[in-house]
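Order of listing sets the numbers, starting from 1, for every ligand and every atom in it. Here the structure is a predicted model, which means the values were calculated and not measured.
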Amino acid sequence: MDPSEPISLDNIGALHTFTGSTDEAWFYLVTVGIEAHGGRALAAMVNSMTAVREGDEARVACCLQDIDSSIQDINRTLKTMYDKCDPYLFYWKIRPYLAGWENMSEAGLPHGVLYQGVDARDQFRQYAGGSAGQSSLIQAFDIALGIAHYPTSDQWRCIKDEEKRRAAQGLPKTKPSHTTYLYGMRSHMPGLHRRFLEDLTKAANLRPYVDSVQGDCARWYNRCVAGLKKFRDLHIQIVTRYIVLPARKGPSIGSFSFGTSHPDALSDSEAPSTEKANAPSRLQVKVKTSDVPEDPLKSPRLRASSPTSKSGDILYPQLMHADRIGHPIASQPPLGEHGIAKTLLDPSSEIIRGTGGTDLMPFLKQVRDETTDSLIRP
Ligand code: HEM
């Protein structure tokens, strides 16, 4: 980056990537570009809250206008993902490095990954993969605008297990508002970002104020909410192109490429419904639960190897069930046919997981709809 120039997509580059591809670099750079546009919105959020406390209606409207303009820039930047990041390459080549190993039992990692030689005792660890769900910027918009999120049914199941565990250990129950996936992602943020979100939550006063004064404030407030809803619509379209469709299609080269039609061609109504997104796949391979070891310590077979050849394919090292010395296990369906996002143990459910382990389409749609719910009615 040239420090004398502003942070923009033309002025930043990636020093390191897993794959050495420009597609991977672009995936990170677009995210950075979005964060850069968000900077001025953060200042406007804090400013607007002070203005509310001082009862300065005109200033509140002005700050909301700044927030709106930053969201518009963010949305324009998000759309550029298609320009230099190919969905097929993303799903099959880049994403395995980002997938993580938390809530990934369905992908064959019921206990996470065995860390050997890291500390005295070899143990399984579970870590969520990298996701821009860990962006403190987007959560800051939600907090400032008073947009509330709730656990999904999928998360409730995890919460119930967690509650049982806590009860067994005599620990108090978790707080409901602290049990959403988005809240959990805060533990992956830098500490100061997390603290900022906590402080912002304590200070948040915009929505009730705007609701009481209406007028210009409500108009700009609703534009901000509509902008954030648009962000989530665009993001759902991206997830459809980059995860849902490749996961459904399987690794046939040429299925998606730079020839992919522009996202604008995929209208909101064309974004897949939950039912469509979860429809049975052509490449679905049934796996018996009995095929999967109860205790992977006794039967480890999830070591890296090749999905396509015995000698190993360095493009997809994480995608193959293999024995301890890396020989593919013939009776296991190679994860390479599905990608790490797909459920394997319960093909009838056809859940597609995000890198954070969410049942992603229902989750993303719920978050989008919760955004719309906070529009202020006159
Ligand atoms: C190829 C591009 C992208 C893909 C495939 C993608 C995929 C996903 C997935 C699967 C999730 C669900 C959570 C999980 O389990 O990981 C998610 C969440 C999220 N992503 Fe992305 N993402 C992409 C780009 C971006 C970018 C550039 C941003 C910008 C900040 C972003 C922001 C978010 C946010 C904020 C969430 C949390 C849900 C929400 O607040 O709406 N994503 N993403």
Side-chain angles (χ1 to χ4, degrees), residues 9 23-38 41 70-71 73-96 98-104 106-107 127-143 145 147-150 152 154-155 158 180-186 188-189 197 227-247 256 260 263 277 339-342 351-372:
L9 287 180
D23 303 70
E24 186 185 348
W26 193 245
F27 172 69
Y28 304 135
L29 295 177
V30 169
T31 313
V32 174
I34 286 175
E35 297 290 325
H37 282 305
S70 150
I71 295 175
D73 287 341
I74 285 173
N75 289 349
R76 264 190 292 277
T77 309
L78 183 62
K79 284 192 212 171
T80 64
M81 185 62 79
Y82 298 89
D83 295 352
K84 294 184 191 168
C85 183
D86 178 76
Y88 182 90
L89 286 182
F90 173 81
Y91 185 75
W92 291 103
K93 193 174 170 191
I94 301 166
R95 193 163 187 265
L98 310 173
W101 32 94
E102 186 181 45
N103 296 331
M104 278 293 183
E106 288 140 333
Y127 295 121
S131 161
Q134 292 147 8
S135 160
S136 37
L137 173 69
I138 308 295
Q139 294 212 18
F141 279 119
D142 282 336
I143 294 169
L145 296 170
I147 296 167
H149 295 296
Y150 300 91
T152 60
D154 195 39
Q155 286 156 7
C158 297
T180 60
Y181 163 83
L182 290 176
Y183 191 88
M185 282 296 108
R186 290 193 194 178
H188 297 270
M189 293 175 188
L197 294 182
L228 206 56
K229 188 237 174 212
K230 176 79 184 167
F231 170 85
R232 289 189 157 125
D233 280 335
L234 293 169
H235 181 260
I236 287 173
Q237 289 172 9
I238 287 182
V239 172
T240 305
R241 295 274 171 143
Y242 283 78
I243 300 179
V244 177
L245 296 179
F256 296 92
T260 304
I340 205 145
K342 286 204 77 177
I351 292 168
I352 296 183
R353 297 256 175 229
T355 46
T358 59
D359 176 2
L360 63 88
M361 271 304 164
F363 163 69
L364 292 174
K365 287 179 177 195
Q366 178 179 322
V367 173
R368 188 262 319 265
D369 294 344
E370 286 162 354
T371 308
T372 318

Sub-4.0 Å atoms of ligand 1 with respect to non-hydrogen atoms of Phe90: 5 (C)

Could you walk me through whether Tyr242 and Tyr82 pass the ring pair (Phe, Tyr, Trp, His ring centres under 6.0 Å) check? CA-CA 10 Å; Tyr242 283 78; Tyr82 298 89; 5.8 Å; yes

Would you indicate whether the side-chain heavy atoms of Tyr181 and Ser131 approach each other to under 4.5 Å? yes

At under 4.0 Å between heavy atoms, is it the side chain or the backbone of Ile243 that contacts ligand 1, or both, or neither? side chain

I need the atoms of ligand 1 closer than 4.0 Å to a non-hydrogen atom of Tyr181, numbered in the order shown. 13 (C), 14 (C), 15 (O), 16 (O)

Among Gln139, Met81, His235, which one has a heavy atom closest to atom 21 (Fe) of ligand 1? His235

Lys79 side chain near Ile238 side chain, heavy-atom distance below 4.5 Å: no

Hey, does Gln139 have a side-chain heavy atom less than 4.5 Å from the side chain of Met189? yes

Taking heavy atoms and a distance under 4.0 Å, where does Leu182 meet ligand 1: side chain, backbone, both or neither? side chain

If you count the atoms of ligand 1 from 1 in the order shown, which ones are under 4.0 Å from a heavy atom of Leu78? 26 (C), 27 (C)

Would you indicate whether the side-chain heavy atoms of Asp23 and Phe90 approach each other to under 4.5 Å? no

With a 4.0 Å cut-off, would you call Arg232 and Asp142 a salt bridge? yes

Classify the ring geometry between Tyr88 and Trp92 as parallel (under 30°), tilted (30 to 60°) or perpendicular (over 60°). tilted

Which option wins on minimum heavy-atom distance to atom 40 (O) of ligand 1: Met361, Lys229, Arg232? Arg232

Could you list which atoms of ligand 1 come closer than 4.0 Å to a heavy atom of Phe27? 1 (C), 2 (C), 3 (C)

Which atoms of ligand 1 sit under 4.0 Å from any heavy atom of Leu360? 10 (C)

For Val367, atoms of ligand 1 separated by under 4.0 Å from a heavy atom: 39 (C), 40 (O), 41 (O)

Rounded distance (nearest 0.5 Å) linking atom NZ of Lys93 with atom CG of Asp86: 10.5 Å

Find all atoms of ligand 1 within a distance of less than 4.0 Å from any non-hydrogen atom belonging to Ile138, and give their numbers and elements. 35 (C)

Near Tyr242, which atoms of ligand 1 are under 4.0 Å from a heavy atom of that residue? 1 (C), 5 (C)

Take Asp233 and Lys229, measure what salt bridge (charged side-chain N to carboxylate O under 4.0 Å, His left out) needs, and give me the verdict at the end. CA-CA 6 Å; Asp233 280 335; Lys229 188 237 174 212; 2.8 Å; yes

Counting heavy atoms only, name the option from Cys85, Ala132, Gly33 that's nearest to atom 30 (C) of ligand 1. Ala132

